[in-house]
Amino acid sequence: MTGTATGGVLRVGNASGFYGDRFDALREMLTGGPLDVLTGDYLAELTMLILGRDRLKDPARGYAKTFLRQLEEGLALARERGVTLVTNAGGLNPAGLADAVRELSGRVGVPARVAHVEGDDLLARGGWGEGVLTANAYLGGAGVAACLRAGADIVVTGRVTDAALVSGAAAAHFGWGAGDLDALAGAVVAGHVLECGTQATGGNYAFFAEESIDVRHPGFPLAEIRSDGSSVITKHPGTGGAVTVGTVTAQLLYETAGARYPGPDVTARLDTVLLVRDGPDRVRVEGVRGEPRPEMLKVGLTRLGGFRNEVTFVLTGPRVEEKAALVREQMEAALAKARPEHVSWTLARTDREDPATEEEGSALLRLVARDPDQEAVGRALSGAAIELALASYPGFHVTAPPGKGAPYGVFEAAFVPAAEVPHVAVLPDGTRTDVSWGAAPAPREPDTVPEPVPRTRERPDGDAPVTRRVPLGRVLGARSGDKGGSANIGVWARDRDTDVWEWMEAELTVGRLRTLLPETAELDVERHVLPNLRALNFVVGGILGEGVASQARFDPQGKALGEWLRSRHMDIPEELLKWPR
């Protein structure tokens, strides 16, 4: 692998956290400072469905075309600076993207050795059920490592884990093998911090205002990885945003669950991660322990679930509840003859008393319909809504005219023995190399963390502490995200305050979470304790229905669940409210 690595440090950056991320990021990262490897993550559950629909239209498609457009300029910059590019933009067709990159290389006159990784596409294996559009195993970093060891300048993969882009590059550079569990686990943690781009540098960060972080144009992150797997998370000098223990903690908790973070190469122990400030915009990640990977690989399945449509009625002024009941009764009657398979209603009381503007005096009533038949949620729904325009509640109008029913997708996770999944590195010279690591030892039983008994913080004199009812966001940060039909809510103590952490660990139980977030009351909720991070992680099963592509709720990816939790009020000891509003 070419590059400029010095002093035993491999500098790995990220230039994409999703398909549609900042287009100029690749150029910014290549010109902003020294790098050895630049990664780009373009895949998510919804992306696989989008690419699957692209492939239906044209079998030669199925990859993230944005990456090619970024290479128009970026390829020359990367080669001039000796930076290797590693990306999962290959999606469902890594070989096709690799060929397209070679064609672009010849067209712009910049030679590049291109390799790709395949084996993740298991659709032809069958047995996935009816209507499955894509079936892709989450591969590890071994294929990336093999391509880089063979001298590739650009490595294109399909569905590997997001962190594998980084851990594979580190394994190639430092010569790690399957038994270097701690080192691999450290690189996986670094990869997890980098994978979502600017979420590690202040983007979507709970305390951006309190800590005066300028996130108008945050820089993308990079990791300085050492041979033992430890790293320093930082960013290029002079770029926006910030890298702090808080921003790194937030990203570490994103889309994770318990102490064990299982992956196809190694199981990283998140409860061993230590974060230490290492200077301005520098956070050292150390102490990560690794365990053998599970013997099963996760397979992401997507299929078209049917068609959906929605109408949002605007209810302005007095008697909102009566207006909502009236239009709901009218719509239900109109749909009775051909009622869609799934119909849901949500009333959002966004209206205020004595409003200064019409918008502030309006509530929103949302109707969502789903059905296998497009007609059932298309004209039948839109026609019924529009016909009420002059015959319903006073002030009747909708946010937008309802249209045709649009297709929606469903995501499911399956698991197959890792030993049965091919993992092939196609090297720059065309050689095909099997890099499967074979069966892993049986996984250990997961740790059980007993639910703590709620306790009251006491003053030295034995009196109960004086409390004040304030939003949880005064003392807690949070970040949430989607995992199929489930979501996680990671919560941490502000400024890693020990007193806040002890209060949070005792008081923020599963029962309390269900009370604070009523949507979770009837759902399966798991709580995981991560003392090193001063953090709790809640996994809420089923809150997102059949996944983001199904658009099952107002916030279909659960991105704002954490901020909703922070907005909820609790009685918090005054001694913990040491920060100004």
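No donor-acceptor contact under 3.5 angstrom links the side chains of E255 and N488, judged on distance only. The closest side-chain donor-acceptor pair between S382 and N309, if any, does not fall under 3.5 angstrom.
Heavy-atom contacts from other residues, nucleotides or ligands closer than 6.0 Å to CZ of F554 number 12 or fewer. Atom CD of E103 is surrounded by more than 12 heavy atoms from other residues, nucleotides or ligands within 6.0 Å.
Salt bridge R479/E563: absent, no basic N to carboxylate O contact under 4.0 Å. The pair D182-R269 does not meet the salt-bridge criterion, since no charged nitrogen lies less than 4.0 angstrom from a carboxylate oxygen. Electrostatic pairing of R432 and E118 counts as a salt bridge here, judged by a charged N lying under 4.0 Å from a carboxylate O. A salt bridge between E291 and R289 is absent, with no side-chain N of the basic residue lying under 4.0 Å from a carboxylate O of the acidic one. Ion pairing of E522 with R514 is absent here, as no side-chain N (NZ or NE/NH1/NH2) approaches a carboxylate O to less than 4.0 Å. Classification of R159 and D120 as a salt-bridged pair fails, no side-chain N sitting under 4.0 Å from a carboxylate O. Under the 4.0 Å criterion applied to side-chain N and carboxylate O atoms, R293 and D265 are not assigned as salt-bridge partners. Ion pair E412/R303 flagged as a salt bridge, since at least one NZ, NE, NH1 or NH2 atom sits closer than 4.0 Å to an Asp/Glu carboxylate oxygen.
Contact between T39 and V166 at its shortest, heavy atoms only, is CG2-CG2, 4.3 Å.
With rounding to the nearest 0.5 Å, the separation of CZ in F18 from CG in D162 is 13.0 Å. Going from atom CG of L51 over to atom OH of Y19 covers 6.5 Å, rounded to the nearest 0.5 Å. How far NE2 of H192 is from OG1 of T161: 11.0 Å, rounded to the nearest 0.5 Å. The CZ atom of F538 sits 12.5 Å away from the OG atom of S480 when rounded to the nearest 0.5 Å. The line from CG of L365 to CE of M331 is 10.0 Å long, rounded to the nearest 0.5 Å.
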### Message
The test is salt bridge (charged side-chain N to carboxylate O under 4.0 Å, His left out); show your working for E45 and K483 and say whether it passes.
### Response
CA-CA 9 Å; E45 293 163 1; K483 276 295 182 184; 5.4 Å; no
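Of the candidates T47, N14, N88, T87, D41 forms a side chain to side chain donor-acceptor pair (under 3.5 Å) with just one, namely N88.
For the pair R370 and Y408, the distance from NZ or CZ to the six-membered ring centre is under 6.0 Å and the angle to the ring normal is within 45 degrees. Geometrically, K298 does not engage F415 in a cation-pi contact defined by less than 6.0 Å to the ring centre and at most 45° from the axis.
Judged by distance alone, with hydrogens and angles left aside, the side-chain atoms of Y42 form no donor-acceptor pair with the main-chain N or O of G20 at under 3.5 Å.
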